[in-house]
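Order of the sequence lines sets the chain letters (A, B, ...), proteins ahead of strands, with each chain counted from 1.
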2 protein chains.
Amino acid sequence: MSSSVINPESLAQKLADSGLRNTPQREVVYSALLTKRDHPTADEVYARVRSDISSISLATVYNCLEALVQCHLVRAVNFERGPTRYCPNLAPHAHFHDEATGATFDIDLPSEILSKVTSILPPGYDAEAVDIIFRGKTTGTR
Amino acid sequence: MSSSVINPESLAQKLADSGLRNTPQREVVYSALLTKRDHPTADEVYARVRSDISSISLATVYNCLEALVQCHLVRAVNFERGPTRYCPNLAPHAHFHDEATGATFDIDLPSEILSKVTSILPPGYDAEAVDIIFRGKTTGTR
DNA sequence: CTTGCGATTTAGAACCATTACAACTTGATT
DNA sequence: AATCAAGTTGTAATGGTTCTAAATCGCAAG
Ligand SMILES: [Mn+2]
Ligand SMILES: [Mn+2]
Ligand SMILES: [Zn+2]
Ligand SMILES: [Zn+2]
C-alpha cells in the first residue's frame with residue numbers, strides 16, 4: 001500500500017504535459033495523497049512519505065505538491081488561516097470543515113447546483129473556479 | 001468622511017453585547033472598514049487608521065479586528081494563502097476574487113440559492129456557515 | 001559509454017503574517 | 001484618590017512557506 005502509485009503512467013503523463021519530469025519523490029507524494037483521502041498539510045504529507053524515501057526533505061514535499069497542483073492532479077485548499085491543505089479529488093466537490101475535530105470532508109457537488117451558484121454572478125464577472133466551503137459539526141451516523 | 005463611524009452607538013452596543021468595551025481604536029478600525037468596501041488586510045487597515053490615531057499599533061489593529069469579528073460586525077475572509085482579509089458586509093454574499101488584480105468583490109447571494117447549496121449536504125453534516133468564493137477575471141463593464 | 005547540462009533535490013536561512021508577552025495606560029467603580 | 005480589569009503598545013517569538021546555493025540526477029549529444 002505504501003509506496004505504490006495508483007497509476008504511475010498517468011502521473012508521468014500529466015507531469016510531462018506540463019513540462020515536468022516524473023521523479024520518485026513526486027510519485028510518493030502523490031501516492032501519499034491518494035492512499036488517504038483526507039486533506040493533509042505539507043507537514044502531514046512529509047511525515048507520511050518519510051517511510052518511503054527517508055531522505056526526502058520538507059522543501060521537496062512543498063516542491064512536489066506545487067508540481068502536482070501545477071499539472072492539475074491536486075488542488076490546494078485554503079479555508080482558514082493556517083497551513084494549506086491538499087486534495088487529490090478531481091471531481092467537482094465542496095468541502096465540509098468540522099470545526100470541532102478539524103477534519104475536512106469532500107461533499108459531492110451536482111453540476112446542476114454548481115451552475116445555479118455560478119448564475120448569481122452579474123455580467124462582467126468571469127469565474128474560472130468556484131470554491132464552496134461549509135463549516136460546522138458532523139453528528140451521529142454519516 | 002474618514003474618521004467618522006457610520007453608527008457609533010450600534011458599534012458600542014454590539015461590543016457590549018459581547019462583553020467588550022468601545023474604544024477610539026475600535027471605532028477607527030471599524031470606520032476604516034466601512035468607508036471603503038474593499039477587503040483590506042490588517043496591514044492595510046493599519047495604514048488607513050494611522051491618520052486617525054497616529055500612535056495606534058499594528059498589534060492593536062489585530063486586536064480590534066478580532067474584537068469586531070467576535071461581536072459579528074466583521075467577517076474574516078481567507079481564500080488563499082496570504083494575509084486574512086476583513087469584510088464588514090453582513091448581508092449573505094459570496095466573494096469574487098480577481099486573480100489578475102487581486103481585488104475582491106461582494107456578490108449578492110439570494111437565500112434561495114444559498115438553501116439549494118446547503119441542500120447538497122448529506123445527513124450528519126450540520127453547517128453553521130457557508131463560504132462561496134469565485135476566482136477569475138473581471139471584464140469590460142461591470 | 002562518457003560528458004554536458006538543465007531539472008530536481010536538499011539543508012538551511014530568510015521571510016512574513018500573526019500571536020504572545022509584559023509593561024503601561026485607561027476609565028469605570030468604590 | 002485607590003483599585004482593578006480591560007485595553008493598548010512595542011517587541012519578541014512562532015509557524016508555515018519560500019528562497020538560496022550547493023549537490024545530485026537523468027536524459028541527450030557526441
Ligand atoms: Mn478549523
Ligand atoms: Mn490572488
Ligand atoms: Zn477535497
Ligand atoms: Zn465581503
Side-chain angles (χ1 to χ4, degrees), chain A residues 8 11-32 39-50 52-71 73-74 76-86 102 104, chain B residues 8 11-32 39-50 52-71 73-74 76-86 102 104:
Chain A
L11 170 58
Q13 189 53 56
K14 284 273 194 158
L15 286 166
D17 291 350
S18 296
L20 300 166
R21 295 180 186 169
N22 192 12
T23 68
Q25 287 85 350
R26 287 171 179 169
E27 284 192 6
V28 297
V29 165
Y30 187 45
S31 184
H39 293 73
T41 64
D43 262 321
E44 289 164 351
V45 171
Y46 181 47
R48 288 183 201 173
V49 297
R50 270 149 81 74
D52 297 309
I53 301 180
S54 61
S55 63
I56 198 169
S57 76
L58 178 56
T60 297
V61 171
Y62 275 103
N63 291 341
C64 291
L65 288 169
E66 195 199 324
L68 293 171
V69 167
Q70 219 167 290
C71 71
L73 278 171
V74 168
V77 182
N78 284 282
F79 33 69
E80 62 188 346
R81 183 82 210 158
T84 298
R85 295 182 169 276
Y86 296 88
T104 300
Chain B
L11 169 58
Q13 190 52 58
K14 283 274 194 164
L15 285 166
D17 290 350
S18 297
L20 300 166
R21 295 180 186 170
N22 192 13
T23 68
Q25 287 86 351
R26 286 171 181 172
E27 284 193 6
V28 297
V29 165
Y30 187 44
S31 183
H39 294 73
T41 64
D43 262 319
E44 288 164 353
V45 172
Y46 181 47
R48 287 184 201 172
V49 297
R50 269 149 82 72
D52 297 309
I53 300 180
S54 60
S55 62
I56 199 171
S57 76
L58 178 58
T60 297
V61 171
Y62 274 103
N63 291 341
C64 292
L65 289 169
E66 195 199 324
L68 294 170
V69 168
Q70 220 167 288
C71 70
L73 279 171
V74 169
V77 182
N78 284 283
F79 33 68
E80 62 188 348
R81 184 81 210 160
T84 297
R85 296 180 168 277
Y86 295 89
T104 300

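- Taking 4.5 Å as the limit, every side-chain heavy atom of P83(A) sits out of range of all side-chain heavy atoms of D43(A).
- The phosphate of dT17(D) (OP1 or OP2) has a side-chain N or O of T84(A) nearer than 4.0 angstrom.
- Applying the ring pair (Phe, Tyr, Trp, His ring centres under 6.0 Å) criterion to Y62(B), with sequence neighbours excluded, gives no partner residue.
- For R50(B) and dT9(D), the CZ to P distance is 11 Å, given to the nearest whole Å.
- Comparing the local axis fitted to the first five base pairs of the helix from dC1(C)-dG30(D) to dT30(C)-dA1(D) with the one fitted to its last five gives a bend of 10°, rounded to 10°.
- Judged purely by atom type and a 3.5 angstrom limit, E66(A) has no side-chain atom pairing as donor or acceptor with the backbone of N63(A).
- Scored by the side-chain hydrogen bond (donor to acceptor under 3.5 Å, both in side chains) test, S57(B) finds T60(B) as partners (sequence neighbours excluded).
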Protein-proximity profile, nucleotides 6-16 of chain C, B/S/- by nucleotide at the 4.0 Å heavy-atom cutoff, equals BSSBBBB----
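- Taking the ring pair (Phe, Tyr, Trp, His ring centres under 6.0 Å) definition, one finds that Y46(B) meets it with nothing, sequence neighbours left out.
- Rounding to the nearest 0.5 angstrom, the gap separating the CD atom in Q13(B) from the OG atom in S18(B) is 10.0 Å.
- When the P atom of dC27(D) is taken as reference, atom CG of L15(A) falls 13 Å away, rounded to whole Å.
- As a whole-Å value, the separation of E44(B) CD from dA17(C) P is 10 Å.
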Walk me through whether Y86(B) and L68(B) qualify under side chain to side chain contact (heavy atoms under 4.5 Å, CB included). CA-CA 10 Å; Y86(B) 295 89; L68(B) 294 170; over 6 Å; no
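- For R48(A), the side-chain hydrogen bond (donor to acceptor under 3.5 Å, both in side chains) partners are D38(A), not counting sequence neighbours.
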